[in-house]
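Since the structure comes first, as structure tokens, the remarks are kept for the end.
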Number of protein chains: 2
Amino acid sequence: MTKTVGRPPRSETDVLEFRKKVSRHAMALYRDEGFEAVSMRRLSKAVGCAPTTLYAHFQGKTEILMLLWADILAEMTQYVQENLKRTTEPTERLKAAALAFVGYWIDHPDHFRLVFMSNDVGRSDVDSFIETGDVQGSFQIFADLVGDLNPKRIDVKFRTDALVAGMIGVALCSITIRNYTWPTVSMMTGQLIAGVTAAPQKSH
Amino acid sequence: MTKTVGRPPRSETDVLEFRKKVSRHAMALYRDEGFEAVSMRRLSKAVGCAPTTLYAHFQGKTEILMLLWADILAEMTQYVQENLKRTTEPTERLKAAALAFVGYWIDHPDHFRLVFMSNDVGRSDVDSFIETGDVQGSFQIFADLVGDLNPKRIDVKFRTDALVAGMIGVALCSITIRNYTWPTVSMMTGQLIAGVTAAPQKSH
DNA sequence: ATATTATTCAATACGCGTTCCAAATATTTC
DNA sequence: GAAATATTTGGAACGCGTATTGAATAATAT
């Protein structure tokens, strides 16, 4: 409102522009040279600013890594969609999607780490304003499949979320606890789906 | 067989002794001062050796952190056992155990990170000879509960593993993706259990 | 132009995981 | 003792995430 003397703060568009630039370079670094190439020093060099400047725009590396989520989640979603069996049989479709989902992460453990293991566990007081829309979007496909499976649309939201969390767990376990003899991904995934298709929970 | 001249390699007992010593100090550091206190430099100081010596006995920090798994898993198992409802109703017992399991990790995110998020994802070529017995042991309680639930003991092993992986996924999601509005832990866990109690999978 | 304010910058620092290397030490056989 | 071998050590180095600080620079109102 009131005009003040001196240089004005960053304009909204400037902020977004810079964030977009950082995002682009971080993505390029990650795609071309892998996870470890995305360091604050190298990234700042690519962007063309001082390392400290990054900290004026982001509260830490974690927030920058989140810029890469959207791309990976989009790629994963596309992969899942390609692997949808051409059946109309709902259970078959859901199973195919689930297998593709878990398979994608197991085939790309670096991507998995980026999305699910790069948060600062413990420091939950920091208000990280992530674009949760990305996450929501990539889960939507499963919500649809679960919905198709259950025309009455009972408990679709939390059945879907439980399935997704379960699949992420299967991926995590398969990736990180490698010397334990886990059942096949197919078997464990089938088990999760059995839960989704089960009768509604009695809310007591 | 043939005696060779010169100093012999470390004796088996010496190796074990040193590993035990490192384990003790790592544990003390972690319990007393938290995750970030367990650094190679501080740990070596506590042990009383040079930092580089640790690398002669372990292939990296990850292998040292694994020494802490057993303790945490034991504590978690005990917590689960304490929270077993006094019911004999199998489903109730399993549900109580599952809720305790997930709750433990959510209440101790640092422990969760230590056990499930400190592996070097991607470097799977390294043959990490972890004591998988620890993991096996802490899952056994669930195998028992699942077995009680299903007297015919059909698919107990992979039903249990799927449940455990699912619960770990629920914990991971609740811990790391905090701004997404997940259903309650109770609801998601109930969903997983529904899968365990479902009819056997048709193996096709 | 000048004062004022916001932002960027370079430099420095800390501790981190990890690697390399030459010097020192320990333990054995001869 | 000497020679041989295994291990430990200290020191330095690299790049890392992050924080601080004071100087430089940019953009505005007057």
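Numbers restart at 1 for each chain; the letters A, B, ... are given by sequence-line order, proteins then strands.
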If you look at every heavy atom in Met76(A) and Ser138(A), which pair is closest and at what distance?
->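 Smallest heavy-atom distance, with atoms named: CE-CB, 4.1 Å.
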If you look at every heavy atom in Leu94(A) and Leu149(A), which pair is closest and at what distance?
->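 Scanning both residues completely, I find the closest heavy atoms to be CD2-CD2, 4.1 Å.
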Using distance only, find each side-chain donor-acceptor pair of residues 46-56 of chain B under 3.5 Å and give its atom names and separation, not counting sequence neighbours.
residue	atom	partner	partner atom	Å
Thr53(B)	OG1	Ala50(B)	O	3.4

For atom [atom1] of [X] and atom [atom2] of [N], their distance in whole Å:
X: Leu65(B); N: dC16(C); atom1: CG; atom2: C1'; result: 13 Å
X: Gln59(B); N: dT19(C); atom1: CD; atom2: C1'; result: 15 Å
X: Glu36(A); N: dT18(C); atom1: CD; atom2: C1'; result: 13 Å
X: Met40(A); N: dG17(D); atom1: CE; atom2: C1'; result: 7 Å
X: His57(A); N: dT7(C); atom1: NE2; atom2: P; result: 8 Å
X: Leu54(A); N: dC16(D); atom1: CG; atom2: C1'; result: 14 Å
X: Phe35(B); N: dC16(C); atom1: CZ; atom2: C1'; result: 12 Å

What pairs of nitrogen or oxygen atoms, one from the protein and one from nucleotides 12-15 of chain C, lie under 3.5 Å apart?
none

Hey, can you pull the residues of residues 43-51 of chain B with a non-hydrogen atom under 4.0 angstrom from DNA chain C?
->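 Nothing qualifies; none.
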Can you pull the ring pair (Phe, Tyr, Trp, His ring centres under 6.0 Å) pairs that have at least one residue in residues 10-37 of chain B, sequence neighbours excluded?
->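 Listed once each, the pairs are Phe18(B)-His57(B), Tyr30(B)-His111(B).
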Determine: side-chain N/O of Thr53(B) to OP1/OP2 of dT9(D), distance under 4.0 Å, yes or no.
->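 Yes.
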Between the side chains of Ser186(A) and Thr184(A), does any donor sit under 3.5 Å from an acceptor?
->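 The answer is no; no qualifying pair exists.
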Please tabulate, for the side chains in residues 160-173 of chain B, all donor-acceptor contacts under 3.5 angstrom to protein atoms that are two or more places apart in sequence or on a different chain.
residue	atom	partner	partner atom	Å
Thr160(B)	OG1	Val156(B)	O	2.7
Asp161(B)	OD1	Tyr180(A)	OH	2.8
Asp161(B)	OD2	Tyr180(A)	OH	3.4
Asp161(B)	OD2	Lys157(B)	NZ	2.7

Measure from the side chain of Lys61(B), starting at C-beta and using heavy atoms only, and say which of dT8(D), dG17(C), dT28(C) lies closest.
->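 The nucleotide sitting nearest to the side chain is dG17(C).
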Given dA4(D), dT4(C), dG17(D), which nucleotide is nearest the side-chain atoms of Tyr55(A)?
->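 From the listed options, dG17(D) comes nearest.
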Which part of the nucleic acid, if any, lies within contact of Val38(B), taking any heavy atom under 4.0 Å across all strands shown: a base, the sugar-phosphate backbone alone, or nothing?
->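 Contact class for Val38(B): sugar-phosphate only.
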Who passes side chain to side chain donor-acceptor pair (under 3.5 Å) against Arg31(A), sequence neighbours left out?
->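 If we apply the side chain to side chain donor-acceptor pair (under 3.5 Å) test to Arg31(A), skipping adjacent residues, the hits are Glu75(A).
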Electrostatic pair Arg19(B):Glu63(B) at N-O distance under 4.0 angstrom =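 So Arg19(B) pairs with Glu63(B) through a salt bridge.
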Parallel, tilted or perpendicular: ring planes of Phe101(B) versus Phe142(B), cut at 30 and 60 degrees |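 Geometry flag for Phe142(B) against Phe101(B): perpendicular rings.
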